[in-house]
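Step one of this worksheet: look at the structure below.
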Amino acid sequence: MNTKLFNQAYAEISCFDNGTEVTEYHVMLHVSDGTLSYREQLAAIDQAYTKLLREDLPGAKTVFKRYFLSDAYNQADAILAMECDYADYALSIIEQAPLDGTKIAVWAYLQTGVETRALHCGLHEVTHGQYRHLWNASAHNLAKNSEYQTRLLLNEYIMQLMQEGCSLADNCIRTWFFVNDVDNNYPGVVKARNTVFFTQNLTDETHFIASTGIGGRQADAHVLSQMDNYAVDGISREQVHYLYAATHLNRTSDYGVSFERGTYINYGDRRHVFISGTASINNKGEIVHKGDVAAQTRHMWGNVEALLKEAGSSYDEVMQMIVYLRDISDYHTVKALYDERFPDKPKVFVNGPVCRPGWLVEMECMAIKNIQDDAFAPF
């Protein structure tokens, strides 16, 4: 990891460069001074990112960008106004307060050697070689409850994919569901996802999709479910593999939900590993170390490590981490643990209650592994 200091902000940067046309970067941007006003913090982040692109990442294009906010109602409009000139990447905005005491943090994913554009269907396309990477962010609607909102989100997404010659089952790799008041509204999200997935032949006998379902809200409190998603056109079924780590984790369908613990994709020159939101759980689906956030953190790390190992990867190849905490007072404990074990990983800690109240901490990550597989086209 490279840490770059700017005026009132800093960036944590990881890079995957195997000498091919496409170099990949993950950037976590943080504000240095939490006493600044929101407008000043936003300006610091924007100026740092602009300078980073100009001086340190020449030729890199943003393919996905997520803002983590402390108060979306009072903060999101300024981001939308600032970002309105940049329509060629997916923009995610969610209220999940950064736990370092600031009002805003950013995760950005960038690549060189690619072309980006917004499609008429609403998705954002990233192209290189034979693959089209289709990103979408901040999708939402105002149906009457979380179940109906999620069902409509998924059905609209299925139609968007169909317009691009894709399907949910064959092409979608990763989803995120941000649930307003997750303790009350997550069951509706689960019910809708189970129902729609069944119609798309996504079952425990076929496969599901890697996902994070976590607390988070938009500026409009009536939005109960927001979805971000990622699909790839041009891949074959032989390129996609699903992760289970059965010694550590149970199948999610055992307790009535439908997502994969992780997914990896083999390209001719690299492997992408997507680890879903993972918590302190055992292979019977039980919460482990109830009430002890430090012990839950360590157990969670073991679960993620088992998933990475099944993908032929490890923490050494992880490019970014997002850590969700239910209780903001646990931040210093968990950050100290991460700083000790993962001092060189771009990461952000945010307030995001996990979908089961007994889970105090959850994490997700993405890894990139250098491979050579002549059976598939390069990334």
Side-chain angles (χ1 to χ4, degrees), residues 61-69 72 76-96 106-111 114-128 130-144 146-180 189 192-193 195-197 199-200 202 209-214 216-220 222-235 259 263 265 274:
K61 293 188 177 182
T62 308
V63 300
F64 179 82
K65 195 175 188 182
R66 179 176 294 155
Y67 285 86
F68 305 93
L69 302 178
D77 285 349
I79 292 172
L80 292 170
M82 185 183 74
E83 291 275 356
C84 65
D85 293 333
Y86 309 100
D88 56 351
Y89 54 81
L91 178 65
S92 174
I93 301 174
I94 194 68
E95 182 178 312
Q96 287 181 326
V106 172
W107 163 40
Y109 183 19
L110 306 96
Q111 297 169 352
V114 299
E115 297 298 325
T116 60
R117 64 173 180 144
L119 301 175
H120 292 298
C121 68
L123 303 179
H124 290 78
E125 178 189 79
V126 182
T127 57
H128 179 266
Q130 74 173 45
Y131 303 108
R132 295 194 307 146
H133 304 267
L134 304 172
W135 289 90
N136 192 31
S138 297
H140 64 279
N141 58 71
L142 295 174
K144 70 177 184 178
S146 62
E147 178 188 350
Y148 289 0
Q149 287 188 17
T150 305
R151 187 181 299 176
L152 183 57
L153 282 173
L154 286 167
N155 285 332
E156 289 179 339
Y157 183 45
I158 289 166
M159 294 302 296
Q160 289 173 311
L161 290 172
M162 288 178 62
Q163 290 180 55
E164 298 304 316
C166 298
S167 71
L168 195 66
D170 292 339
N171 302 97
C172 185
I173 302 300
R174 184 70 164 89
T175 62
W176 292 262
F177 288 94
F178 300 106
V179 187
N180 188 356
V189 174
R193 181 169 57 185
T195 300
V196 175
F197 276 16
T199 69
Q200 301 300 303
L202 290 165
I209 296 165
S211 188
T212 298
I214 198 79
R217 58 160 287 175
Q218 280 207 351
D220 187 340
H222 296 96
V223 176
L224 306 178
S225 179
Q226 171 179 307
M227 182 172 66
D228 296 355
N229 44 61
Y230 168 61
V232 185
D233 183 25
I235 54 173
F259 68 93
T263 301
I265 312 172
F274 298 89

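Positions are given from 1, in the same order as the sequence printed here. If you're wondering where the values come from, they're calculated on a predicted model, not measured in any experiment.
Not one N or O on the side chain of Q226 forms a donor-acceptor pair closer than 3.5 Å with the backbone of F178. No donor-acceptor pair closer than 3.5 Å links the side chain of R151 to the backbone N or O of T195. The backbone N or O of I209 sits nowhere less than 3.5 Å from a side-chain atom of T263 that would complete a donor-acceptor pair. Counting only distance, with no hydrogens or angles, the side chain of E125 and the backbone of R117 share no donor-acceptor pair below 3.5 Å. The backbone N or O of T175 lies less than 3.5 Å from a partner atom in the side chain of S211, making a donor-acceptor pair. Between the side chain of N136 and the backbone N or O of D228 there is no donor-acceptor pair closer than 3.5 Å. Here the side chain of Q149 pairs a donor or acceptor atom with the backbone of S225 at under 3.5 angstrom.
Taken to the nearest 0.5 Å, the CD1 atom of I235 stands 5.0 Å off from the CD1 atom of I265. Atoms CE and SG, from M162 and C121 in turn, are 12.0 Å apart once rounded to the nearest 0.5 Å. A distance of 9.5 Å separates CD of Q163 from CG of L119, quoted to the nearest 0.5 Å.
With contacts defined as side-chain heavy-atom distances shorter than 4.5 Å, the pair H133/H128 does not qualify. Looking only at side-chain heavy atoms (C-beta outward), L91 and H124 stay at 4.5 Å or farther from each other. Contact annotation: the side chain of L134 never approaches that of N171 to less than 4.5 Å [non-hydrogen atoms, C-beta and beyond]. Side chains of Q160 and N229 form no contact here, defined as non-hydrogen atoms less than 4.5 Å apart. Residues Y89 and L110 fail the side-chain proximity criterion, which asks for heavy atoms closer than 4.5 Å. Side-chain contact between F197 and L168 is present, with at least one heavy-atom pair separated by less than 4.5 Å. Under the 4.5 Å side-chain criterion, counting only non-hydrogen atoms from C-beta, V106 is in contact with Y67. With contacts defined as side-chain heavy-atom distances shorter than 4.5 Å, the pair N180/E95 does not qualify.
Partners of Y109 by side chain to side chain donor-acceptor pair (under 3.5 Å), not counting sequence neighbours, listed by chain and number: E24, Q111. Taking the side-chain contact (heavy atoms from CB on, under 4.5 Å) definition, one finds that D88 meets it with T116, sequence neighbours left out.
Between S146 and V189, the shortest heavy-atom distance links the atoms OG-N, 4.0 Å. Of all the heavy atoms in A76 and I93, the pair that sits closest is CB-CG2, 4.1 Å. Looking at every heavy atom in both residues, Q218 comes nearest to A72 through C-CB, 3.8 Å. In terms of heavy-atom proximity, F274 sits nearest to A210 at O-CB, 4.3 Å. Residues R66 and I94 share a closest heavy-atom pair of CD-CG2, 4.3 Å. Between G234 and Y131, the shortest heavy-atom contact is O-CE2, 3.5 Å.
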Q: Please lay out, stage by stage, how D220 and H140 fare under the test side-chain contact (heavy atoms from CB on, under 4.5 Å).
A: CA-CA 10 Å; D220 187 340; H140 64 279; over 6 Å; no

Q: Quick one: do F259 and T212 satisfy side-chain contact (heavy atoms from CB on, under 4.5 Å)? Show the steps, please.
A: CA-CA 9 Å; F259 68 93; T212 298; over 6 Å; no

Q | Trace of the side-chain contact (heavy atoms from CB on, under 4.5 Å) decision for M227 with L154 | A | CA-CA 9 Å; M227 182 172 66; L154 286 167; 3.9 Å; yes

Q.
I'd like to know whether S92 forms a side-chain contact (heavy atoms from CB on, under 4.5 Å) with W176, so could you lay out the CA-CA distance, the side-chain angles of the two residues, the decisive distance to 0.1 Å, and finally the verdict.
A. CA-CA 10 Å; S92 174; W176 292 262; over 6 Å; no

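Ring centers of W107 and F64: under 6.0 Å apart, within the cut-off.
Of the candidates D233, I158, L123, D233 is the only one forming a side-chain contact (heavy atoms from CB on, under 4.5 Å) with C166.
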